[in-house]
Amino acid sequence: MDPSAGGGNASEGEEPPLTEKRIDWPAEAERIEGRLELLGGISESDGGLDRPPFTRSLRRAMEETSRWMEEAGLLPAVDSFGNLLGRAPQEGRKPALLIGSHLDTVPNGGRFDGALGILLGIAAAEILLPRARELPFAVDVLAFQEEEGARFRSGCLGSRAFLGLLESRDWALTDSRGLSLQEARDSFATDGWPRVEPYSREGIFGYLEAHIEQGPQLEALGLPLGLVAGIVGQERLLFSFHGEGGHAGCVPMASRRDALGAAAEFAIFLEEMARQQPGAVATVGELHCRPGAVNVIPKQVDLSVDLRHPKDEVLDRLSHRLQERAREIGKRRKIQVSSRRTDRLPAIGSDRGWRERLASTVGAIQGKAPQLWSGAGHDAGILGRFAPMVMLFLRCRRGISHDPAEFVSPPDIACALQAMVGFVESFLP
Ligand code: GLV
Ligand code: MN
Ligand code: MN
C-alpha cells in the first residue's frame with residue numbers, strides 16, 4: 001500500500017478492498033492539511049494558537065468541524081459537556097466504533113495535536129460510509145474538549161464527562177481566574193446542535209485515535225507510523241510555599257523566609273528525582289510568585305507539578321517522595337508548605353488484539369509496525385478503561401509538539417488514513 005501511488009498493493013488476480021480501489025490518498029491528505037490550516041487560524045488570541053475549552057474560539061472550531069462532519073455524511077450533535085459528535089446515520093443503532101481526539105489546544109500550541117486525529121476520523125468515516133451496512137458497528141467521530149487540562153489543570157475532562165466519570169470535585173476545579181469548570185461549561189453555548197444522550201458502555205464497540213507522536217522516535221526510525229503500546233500514568237499537583245515578605249534591601253539574608261528559595265530548591269529536587277528514575281518525567285510548568293516585585297521578598301509561591309511514569313506504583317512512590325521533600329524543605333526553611341492533587345490518570349495499555357490488527361495494516365504500508373509508549377495523555381486512556389482501545393502515532397518533525405513548530409507531513413497523513421481505513425475494514429465479514 002504505497003499511499004503516494006493512490007492505489008493498492010493487492011497481488012494480481014486478487015480483488016483489492018473496495019476502499020483501496022477508489023481512494024486518492026494524497027488528495028485526502030491534502031484536504032486534511034487544508035482543514036488543519038483553517039483550524040490552526042482559530043485562536044483565542046493573536047500570535048500563536050491558543051484554543052482553550054469553553055471559549056469562542058473553541059465554539060468556532062466546533063462549527064467548522066461540524067460542517068465537515070456533515071459533508072462526510074455524519075450527523076453532528078453535542079453532549080451535555082460540549083463535546084462534538086459526528087454520528088453515523090443508521091436505522092436501529094449498532095454499537096459504535098468511536099474515532100476521536102480533541103479540539104482544545106495548549107497556549108501557543110501546534111495545529112496537529114488533537115485536531116489531526118479528528119480530521120483523520122472524519123475522512124475515514126466518509127470513506128467507510130458505503131460499507132456501513134456490512135460493518136458490525138457504526139463509525140462515529142468524536143471531537144472532545146478540555147483534553148489538555150491546560151485550563152483546569154486536569155486532563156481528559158471531555159472524555160471523562162462523555163463517559164459520566166466527572167465527580168463534584170472535578171466540576172469545582174477552577175481556572176487561573178477562579179472560574180469553575182461548572183461555570184465555564186454552563187456559560188458555553190451549544191445552541192444549533194441537537195443534544196445527544198450519553199452512550200451506554202454497551203453502546204461503545206471500541207475506540208481508535210490517531211495522534212501526532214509528540215516525540216522523536218518515529219523520525220529516528222525513519223517511519224511514518226507507530227502503534228501505541230500504552231499511555232503513561234500521570235499525576236498533577238499544586239504546591240504552595242508560604243514565607244514572609246519584606247524589603248529586598250533591608251532584611252538580612254540569615255533571617256529571611258523567602259518562599260521562592262524553598263520553591264526553587266523543591267523544583268531542583270524534582271528534576272533530579274526524575275532524572276534518576278528511568279522512565280520518569282517531571283515538570284514545573286506554572287510558577288506564580290507573590291507579590292512579584294523586584295524589591296520585595298517573595299511571600300508566596302504557587303507551582304504546578306506534572307509527574308509521569310508508565311508504572312502506577314512508581315508514580316505513587318515518586319509522588320510520595322516529592323511531598324516528603326516539600327515538607328522537609330519547609331521545615332528547614334521555616335516555610336509553610338501545602339499541596340493538593342489536581343489530577344491522576346492511571347497508566348493504561350492498548351488492547352492487544354486490536355493492536356495486532358492495526359499492526360498488520362501498518363506493516364502492510366511501511367514494512368514495520370513499531371510500538372511506542374505515549375508520554376502524553378490522551379482521551380484514548382479514558383475510553384480504554386471501558387472498551388478496546390488502540391492508538392496510531394504519526395511521525396512528528398524534530399519531535400516538537402505543544403509548540404507552533406509542530407508538523408506532520410501530508411504523505412504521513414495519507415499513510416495514517418490508509419492504516420485507519422484498513423484497520424476498520426479488517427472487521428468486515
Ligand atoms: C496532553 O497533551 C498531556 O499529556 O499533557
Ligand atoms: Mn493531544
Ligand atoms: Mn497536547
Side-chain angles (χ1 to χ4, degrees), residues 36 39-40 43 48-53 58 61 65 83-84 98-121 141-160 162 173 207-215 218 226 228 230-238 274 279-286 304-310 315 341-348 350 372-384 389 391-396 399-408 413 416:
L36 283 166
L39 285 181
S43 174
L49 177 56
D50 179 18
R51 203 161 54 232
L58 202 290
T65 307
N83 296 310
L84 176 68
L98 302 169
I99 308 182
S101 200
H102 58 99
L103 269 181
D104 59 304
T105 73
V106 291
N108 200 35
R111 62 199 169 96
F112 296 85
D113 179 359
L116 175 58
I118 298 166
L119 298 176
L120 277 164
V141 180
L142 267 163
F144 293 111
Q145 60 171 319
E146 190 51 320
E147 184 271 351
E148 295 288 5
R151 180 164 177 188
F152 293 98
R153 299 190 190 85
S154 185
C156 300
L157 289 174
S159 43
R160 286 195 248 184
F162 177 74
L173 287 167
Y207 183 76
L208 165 66
E209 180 164 354
H211 203 281
I212 181 171
E213 180 202 336
Q214 309 185 282
L218 290 171
V228 175
I231 301 173
V232 299
Q234 59 172 282
E235 177 150 309
R236 293 183 184 179
L237 301 138
L238 271 182
V281 285
T283 309
V284 172
E286 275 185 82
S304 66
V305 168
D306 179 307
L307 187 61
R308 307 186 189 206
H309 194 277
L315 197 55
R341 187 156 94 172
T342 58
D343 200 14
R344 174 68 188 237
L345 292 172
I348 183 166
S350 56
L372 322 172
W373 269 83
S374 173
H378 299 287
D379 296 306
I382 306 297
L383 274 292
M389 167 280 276
M391 278 192 82
L392 184 67
F393 266 173
L394 288 85
R395 172 166 53 189
C396 171
I400 297 174
S401 180
H402 281 188
D403 187 274
E406 206 173 73
F407 181 75
V408 179
I413 294 176

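Counting convention: from 1, in listed order, for ligands and their atoms alike. Below, each value reflects all heavy atoms present in this structure, side chains not excepted, and no hydrogens, waters or symmetry copies.
When the side-chain hydrogen bond (donor to acceptor under 3.5 Å, both in side chains) test is applied to R160, the partners found at least two apart in sequence or on another chain are S154, D343. The side-chain hydrogen bond (donor to acceptor under 3.5 Å, both in side chains) check on R344 picks up E235, D316, with sequence neighbours excluded.
Side chain of S401 to backbone of E406: no donor-acceptor contact under 3.5 angstrom is found. Counting only distance, with no hydrogens or angles, the side chain of E146 and the backbone of L157 share no donor-acceptor pair below 3.5 Å.
For the side-chain contact (heavy atoms from CB on, under 4.5 Å) test with F112, the passing option among T105, L394, L36, L39 is L36; the others fail. Residue S159 is tested with L142, L98, L383 for a side-chain contact (heavy atoms from CB on, under 4.5 Å); the sole match is L383.
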message = Working note: M389 + I231, criterion side-chain contact (heavy atoms from CB on, under 4.5 Å); need CA distance, chi angles, decisive distance, verdict.
response = CA-CA 11 Å; M389 167 280 276; I231 301 173; 4.3 Å; yes
request  = Starting from the C-alpha separation in whole Å, work towards a yes-or-no answer on side-chain contact (heavy atoms from CB on, under 4.5 Å) for Y207 and I382.
outcome  = CA-CA 10 Å; Y207 183 76; I382 306 297; over 6 Å; no
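Among protein atoms, those of element N, O or S found less than 2.8 Å away from the Mn ion (ligand 2) are H102 NE2, D113 OD1, H211 NE2.
Defined by atom type and a distance below 3.5 Å, a donor-acceptor pair is missing between the side-chain atoms of H102 and N83.
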What does the N/O contact table under 3.5 Å look like for ligand 1?
residue	atom	partner	partner atom	Å
ligand 1	2 (O)	E148	OE1	2.9
ligand 1	2 (O)	H402	NE2	3.2
ligand 1	4 (O)	R308	NH1	2.7
ligand 1	4 (O)	R308	NH2	3.3
ligand 1	4 (O)	G377	N	2.6
ligand 1	5 (O)	R236	NH2	3.0
ligand 1	5 (O)	R308	NH2	2.8

